[in-house]
Amino acid sequence: MPNPANRHSFSTRAIRAGHRRTNEGEQSEPIFATSSFVFDNAAQAAARFAYTEEGNVYSRFTNPTVRTFEERLASLEGGSSCVATASGMAAILTMCLGLLQAGDHVLASQSIFGATRLLFANILSRFGIEFDFVRLDDVDAWREGIRKQTKLLFLETPANPLTELGDITALAEVARSHDAWLVVDNCFCTPALQRPLDLGAHIVIHSATKYLDGQGRCVGGAVVGDKELVGEKVFSVLRSAGPSMSPFNAWVFLKGLETLELRMNAISENATKLAHWLTHQSAVKRVFYPGLVDHPQYDLACTQQSAPGGIVSFEVNGGRAAAWRIIDATELLSITANLGDVKSTITHPASTTHSRWTEEQRQSAGITDDLIRISVGLEDIADIQEDIRFED
Ligand SMILES: *Cc1c(COP(=O)(O)O)cnc(C)c1O
């Protein structure tokens, strides 16, 4: 049944898409807390298993609450298929298992989420898939890194924690001219600020744990794309391997999507104010934020994203000791490596999210000991600023 909300604008779809009201007449989407589904008769059961009849079978791969979340997110990203998963990492794993085989080569940005790098370099590499890592912002390096076996290009933009950007349009072109797929982890922007599929990417990855939830409650993820890559190849892995999202988590994420655009725009406004304020503090050496005109890719940020997002990083004078002192002096901000919450969080990347990298890897990626990352939330900006104390 086509969903009438799909022809509407983004904010309407974020609230309405994917929900088919049941006979109970519910206003809010129901949580289908059931592991399996009942058939009218043996013939129907056979037809559902053979996929000749659409319908629910078993919640590892067909659950109506999860499906509502999948349809809503697919609609927001402009994809025709979505597979929801137990976590963001499960989304990346399921995507790789669906699209790759032994002998394939993956070219990835060197500025990807730490666990993604470990999944690629330490786990999937054991199964005959090869990985190389290149500078996110160097399109020539991507072009030169491609081999005959390259099946997939993988990046995040903006990247964590230094907010470098990847040029999605240019890299989609590179991928297409070599018969490879471009996969974009759209965690930092969400479809409210950036839509990679519209720019030519084949697949979008989400850690729903972050901004899609938006209030720090549940862990989840998603793969979005077209019917062939996601609806068939990635879905078949979900069905057989089972890294599934729970209906309760899907429901929480649905509620998150309803306010996504509002939050992302308000968070971007708060983060822009904080970034400007930080540039005026004498203890701050450098601020990393795509909304600042001196960001090296400010022009790209303006065309590729509708707003700069919520992640602001900065280097302080005094090295690691000074960075830790500032973090420890906060009373309002949460000291946690998580991000994408309406509660602002503060972290020291070199000793947390990037602590499993070698000193050399951190140096070459620019993750210095004096770097602090803030995921800006929705508290009053004056209170956030007051909480960041440069002198004791
Ligand atoms: C958190 C995160 C992930 C992993 O998501 P989980 O839900 O924690 O498994 C992947 N990519 C990015 C950019 C992230 O921030």
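Only this structure's heavy atoms are used, side chains among them; waters, hydrogens and symmetry mates stay out. Remember, it's 1-based here, ligands and their atoms both numbered in the order they're listed.
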Self-check item: Passing option when V312 is tested against V287, T272, N270 for side chain to side chain contact (heavy atoms under 4.5 Å, CB included)
Solution: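 That would be V287.
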Quiz prompt | Residue list, salt bridge (charged side-chain N to carboxylate O under 4.0 Å, His left out) with D167, at least two apart or on another chain | solution = none
Practice problem: Please collect all ring pair (Phe, Tyr, Trp, His ring centres under 6.0 Å) contacts where either partner lies in residues 121-171, sequence neighbours excluded, each pair once. | Solution: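 Those involving residues 121-171 are F120-F131, F120-F154.
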N/O contact list for ligand 1, threshold under 3.5 Å:
| from | atom 1 | to | atom 2 | distance (Å) |
| --- | --- | --- | --- | --- |
| ligand 1 | 5 (O) | S207 | OG | 3.0 |
| ligand 1 | 7 (O) | G88 | N | 2.9 |
| ligand 1 | 7 (O) | S207 | OG | 2.9 |
| ligand 1 | 7 (O) | T209 | OG1 | 2.6 |
| ligand 1 | 9 (O) | G88 | N | 3.0 |
| ligand 1 | 9 (O) | M89 | N | 2.9 |
| ligand 1 | 11 (N) | D185 | OD2 | 2.7 |
| ligand 1 | 15 (O) | K210 | NZ | 2.6 |

Quiz item: Would you call K285 and D370 a salt bridge, taking side-chain N to carboxylate O under 4.0 Å as the test?
Solution: yes
Quiz item: Do K210's NZ or CZ and the ring of F113 fall within the cation-pi criteria of under 6.0 Å and 45°?
Solution: yes
Self-check item: Results of side-chain hydrogen bond (donor to acceptor under 3.5 Å, both in side chains) for T22 - residues two or more places apart only
Solution: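 So T22 forms a side-chain hydrogen bond (donor to acceptor under 3.5 Å, both in side chains) with E26.
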